[in-house]
> 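This is the structure I have questions about; it appears just below.
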Amino acid sequence: MPGTPWSRRMGLSVPIVNAPMGGVAGGRLAAAVSAAGGLGMIGMGSTGSAAALEYELTQLDPAPTVFGIGMVGWVLERDPALLEAALAARPALVSVGFTEEWAWVDRVHAAGAAAVTQVYDADHARRAAAAGVDVLVARGSEGGGHGETRLGTLAVLDAVLDAVTVPVLAAGGIATARGLAAVLAAGAAGAWLGTCLSACPEALTPEPARAALVRARATDTVVTRVFDLGQRLPWPDRYPARVLANETTRHWAEREAALSGDGAARDEVAAAAATGDPRRAPVDAGEGVGALTRSLPASEVIAALCDGADRLLGRWTGGTATTADSGATR
Ligand SMILES: Cc1cc2nc3c(=O)[nH]c(=O)nc-3n(C[C@H](O)[C@H](O)[C@H](O)COP(=O)(O)O)c2cc1C
């Protein structure tokens, strides 16, 4: 795949970045994505810490020349040592999301890394670019895990590409060659992939969750705050999570306000989450989850996406694409 100007500048052979998924994207997944020619990211989520990051850094094997680290803004406010540990590891890319407090950007630049954040509309993109963020992730509501659900992926990508001049990665529901081809054709500098890499053997995903991801259909996800309320995680209301729908999400559907005021019920949800059983516990997943039918190594997932996207884009350039082609390449 020829790549994009941004991916070539970063020294990547494919315009793919794995999303820094807390509890899923550890050092092994990041190393595998980088070895496959993309940019591997280690994710520190809501329970991230400097110690957890230091352990995951030891799992970066083979050691990538280019890798990144992603963190959650409100976690850094609670645990500043996490940003210190991340910068000390000399990543090429540092992502901080779920905050509009921008002091981290200068720190990232001083460490010689590029600053990245996820944005959800054009105004947000302008604010991030004005704060010096080097690369934006236009993240659509189809995406797995936490995020605002304001616009779908192509709509937010369009809006952000119009609003800023910095490179823009696309995220949310990209799990097939068609999705990758669509965002690259639209002008994305690359794709930021979460769900479609979350069932890889290199991911930290526990086995029951991996099996649930492989079983799930595209229509099996739901956007909810139920697990964050239950676990008393201080996620701001504007960032709900897209997860696999299960007994717990169904039980509390449309009743989040009631849950929020009921301490005993919150304890029950926390206990359900602690079981790790996907029938009751959270499994973050975006609408691309229906494309996961097996647990394949990251290199195979990335090769299939990039080879397929290459074929689709090549057909278009050749002027031979017709609607009849649409079933040919996933
Ligand atoms: C299992 C999982 C965990 C995630 N954890 C984080 C995280 O810790 N930090 C973060 O910035 N984004 C996180 N995300 C969101 C991703 O950055 C990204 O927005 C999303 O995965 C893109 O959509 P997709 O899952 O459909 O590919 C997570 C997503 C998933 C699926």
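These figures come from a predicted structure and were not determined experimentally. In what follows, every heavy atom counts, from backbone to side chain, and hydrogens, waters and symmetry copies are set aside. Both counts, for ligands and for their atoms, begin at 1 and track the order of listing.
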> I need the minimum non-hydrogen distance between L313 and A181, along with the two atoms involved.
CD2-O, 3.6 Å
> Just to confirm my output: which protein heavy-atom neighbour is closest to atom 1 (C) of ligand 1, and how far is it?
D284 CB, 3.3 Å
> Taking distance alone, with N or O pairs closer than 3.5 Å, would you say E287 contacts ligand 1?
no
> Look at atom 31 (C) of ligand 1 and find which of L193, T195, V289 reaches it with the closest heavy atom.
T195
> Short N/O distance, under 3.5 Å, between G22 and ligand 1?
yes
> What I want to check is whether the side chains of E287 and T221 have a donor and an acceptor closer together than 3.5 Å.
no
> Looking only at distances, can you tell me whether any N or O atom of G194, backbone or side chain, sits closer than 3.5 Å to an N or O atom of ligand 1?
yes
> Please give me the minimum heavy-atom distance between N18 and A25, naming the atom from each residue.
ND2-CB, 3.6 Å
> Please check whether P20 reaches ligand 1 - meaning an N/O of the residue sits under 3.5 Å from an N/O of the ligand, judged on distance alone.
yes
> If you take all heavy atoms of P240 and R225, which pair is closest and at what distance?
CB-CG, 3.8 Å
> How close does the nearest protein non-hydrogen atom get to atom 26 (O) of ligand 1, and which residue and atom is it?
G173 N, 2.7 Å
> Suppose we measure from atom 16 (C) of ligand 1 to each protein heavy atom; which comes out shortest, and what is that distance?
A19 CB, 3.5 Å
> Would you say H146 and ligand 1 have an N/O pair spaced under 3.5 Å apart?
no
> Do me a favour and list the nearest non-hydrogen protein atom to atom 23 (O) of ligand 1 with residue, atom name and distance?
G143 CA, 3.2 Å
> Give me the nearest non-hydrogen protein atom to atom 18 (C) of ligand 1 as residue plus atom name, then the distance to 0.1 Å.
W192 NE1, 3.7 Å
> Assess R107 against W104: is NZ or CZ under 6.0 Å from the centre of the six-membered ring, and within 45 degrees of the ring's axis?
no
> Parallel, tilted or perpendicular: which one describes the rings of H124 and W102, with boundaries at 30° and 60°?
tilted
> Any idea which atoms of ligand 1 are less than 4.0 Å away from a heavy-atom of V24?
1 (C)
> Among side-chain atoms of T275 and R280, is any donor-acceptor pair under 3.5 angstrom?
no
> To check your reading of the model: name the closest protein heavy atom to atom 11 (O) of ligand 1, its residue, and the distance in Å.
Q118 NE2, 3.1 Å
> Indicate yes or no for a side-chain donor-acceptor contact from S34 to the backbone of G40 under 3.5 Å, with no hydrogens or angles considered.
yes
> How far is atom 29 (C) of ligand 1 from its nearest protein heavy atom, and which residue and atom is that?
G144 O, 3.3 Å
> Pairs of nitrogen or oxygen atoms closer than 3.5 Å, one from S95 and one from ligand 1: do any exist?
no
> Indicate the atoms forming the closest heavy-atom contact of R8 with G3, along with that distance.
NH1-O, 3.2 Å
> How far is atom 22 (C) of ligand 1 from the closest protein heavy atom, and which atom is that?
G172 N, 3.7 Å
> Nearest to atom 3 (C) of ligand 1 by heavy atom, M44, M71, M21: which?
M21
> Whether the H146 and D284 side chains hold a donor-acceptor pair (N or O, under 3.5 Å, no angle test) is what I'd like checked.
no
> Provide the closest heavy-atom pair for I174 versus A191 in the form atom of the first, atom of the second, distance.
CD1-CB, 4.2 Å
> Using every non-hydrogen atom in the two residues, find where S7 and T4 come nearest and quote the distance to one decimal.
OG-N, 2.8 Å
> Checking contacts here: is it the side chain or the backbone of R139 that comes within 4.0 Å of ligand 1, counting heavy atoms only? Could be both or neither.
side chain
> Within a distance under 4.0 Å of any heavy atom of F98, pick out the atoms of ligand 1 and give their elements.
9 (N), 10 (C), 11 (O), 12 (N)
> For ligand 1, which is the ligand I care about here, please tell me if C196 has any N or O atom under 3.5 Å from one of the ligand's N or O atoms.
no
